[in-house]
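Below is one structure, written out as C-alpha cells; the observations come after it.
Because the structure is predicted, anything quoted here is derived from the model rather than measured. These values consider heavy atoms only, across backbone and side chains, with no hydrogens, waters or symmetry-generated copies. Indexing begins at 1, ligand by ligand and atom by atom, following the structure's order.
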Amino acid sequence: MTTTFDSIQTRESQYVLHTYRRQPVAFVKGKGPRLYDVDGREYLDFVSGIGVASLGHAHPGLAAVIADQASTLLHTSNLYYHPLQGELAARLTALTGLERAFFCNSGTEAMEACLKFARRFWFTQGKPRTKFVALAHGFHGRSMGALSITWADHYRAPFAPLVPGAVVLDADDPEALRTAVDEDTAAIVVEPIRGAGGVRPIPPALSAAIVEASRRTGALIIADEVQSGSWRTGTFLRSGAVGITPDLVALAKALGAGVPVGAVVMADRVAATIAPGDHGTTYGGNLLACRAALTFLEVVDAGVGDSMRRVSAYMFDRLRALAAASGGAVVDVRGAGMIAGLELAADALPVTNAALERGLIVNRTSGNVVRLLPPYIATQGDVDEAVDILTEALGALR
Ligand SMILES: Cc1ncc(COP(=O)(O)O)c(C=O)c1O
C-alpha cells in the first residue's frame, strides 16, 4: 500500500491517543529551513518543531555526529561515568555563569527538577518552604508539578488537585507579586519571554518586583528558559535582558537541535543541598544527547550565532513594517532573536492556516498571536519569503 496523507491520518486516528489537534499535513523529510510533505510539497518551516530544530533539518554536521555516536555508544545510564556529561556541563556553566548542571530529557522534566531542587534547598537547611509563585501567561509543561505553576486554567482544571503550594498570578501586577512572595516561598518561577503565552516579555516593573521580593524573603529564582534560552533570543539566556539573575535555569528545546535534551543549571548553594539519590533519570545526559548538545553549541560558535543576530534584526524590521502597513490587523510585534509574536486584532488561526496553504509554517499561540520560531540558520531570503507569505495570508482574510 502506498503511503498517502489519508493512510497516515486514518491509521493515527485509529491507534494514537487523541491528545493533539494536528494540522492536516504529514512531513516525511527536511533540509535546512524546509520541510517536505508526503506528497512532495515544500514548506518553509518557521516553527522548527516548536523551537527545537535550531540548526534546521538534516544539518549535515549534526547528522554526521549522531551517526558517529550511534555507531560508537549511545547509552549507558547514570550508573556509570562517560566523558561527555562533564564536558557539556562545563560548557553550560560557562555560558550561564552558574556552577552545576543536571541532565534530563525535556523541558517539563527540567522544570520538575527545578521545583524539587528548590524545595530540597530549603529542606536541607532545616527550614522547609513549600510555596512557588509563578507568573500570569507562563507555560511550564504537563507533569503535575509543571502544570501547577502553569497559568492557563484549561491546562490545569481537569487534573486538580495539583501540587499544593503553587500560586499563579492573574496578571502582570508587581504589587500582587510582592504580596504573594513571603517567607514560605521556596522559589519564584519566571519565563523571561512567555512563548506559549503569546511571546510576552516580562515588563521591567515586574522583573524589578521579582528581584526585590527574592532579596526580601530569600526565595530562589527559577528561570524557565526552555523556549527563550539556548541562544533563541540572541544571547544564551534571556534572563539577563530582563534584569534577572536566576539561581536555577531550565533548558531544553533548541539545546539538542532535535535530539531530546533537558538540563537544569544551578548555583553552587543550591547544588550543595542535593544528595545522591534525591533525583535522577535513566536516559538523562546520555552520550547521544550530550554529543548533540555539544555539537549545537559548536555550530552556533562557528558563525551561526552571528548570522542569526543579523537575520533577526532584519526580520523584526520587516515584521514591524508589515504591522504598520496592516491597517490595524497586526496590533503588536514582540520578541527577540529568533522568536517573534505578531499580536492580531482577531483570532490568529485563519492566518496560520492561510500561511500553511501558501507553504509557510507558523503557529497560533494565546488565541490571537502568530508565533514565529525560525531555525537559527534562516537567511534574509527566507525571512523575505516568510513575511511576503504572511502579508498575503493577512490580506486574504480582509
Ligand atoms: C517555557 C516552556 N517551559 C516548559 C515547556 C515544556 O517542555 P517540553 O514540551 O519539552 O516538556 C515548554 C514547551 O513548550 C515551554 O515552552
>> With salt bridge (Lys or Arg N to Asp or Glu O under 4.0 Å) as the rule and sequence neighbours excluded, what pairs involving residues 105-128 come up?
In response: Arg120-Asp278
>> Run the ring-ring contact (aromatic ring centres under 6.0 Å, His included) test against Trp122 and tell me which residues pass, sequence neighbours left out.
In response: none
> Is it true that Lys31 and Asp45 have a side-chain N and a carboxylate O under 4.0 angstrom from each other?
Replying inline: no
> Got a sec, which pairs hit side chain to side chain donor-acceptor pair (under 3.5 Å) with one end in residues 241-253, sequence neighbours left out?
Replying inline: Asp247-Arg269
>> Can you tell whether the side chains of Asp37 and Lys29 come within less than 4.0 Å, N to carboxylate O?
In response: no
> Can you pull the residues with any heavy atom under 4.0 Å from ligand 1?
Replying inline: Ser106, Gly107, Thr108, Phe139, His140, Gly141, Glu191, Asp224, Val226, Gln227, Lys253
> Could you go step by step and tell me if Cys290 and His82 meet the side-chain contact (heavy atoms from CB on, under 4.5 Å) rule?
Replying inline: CA-CA 10 Å; Cys290 291; His82 69 67; 4.1 Å; yes
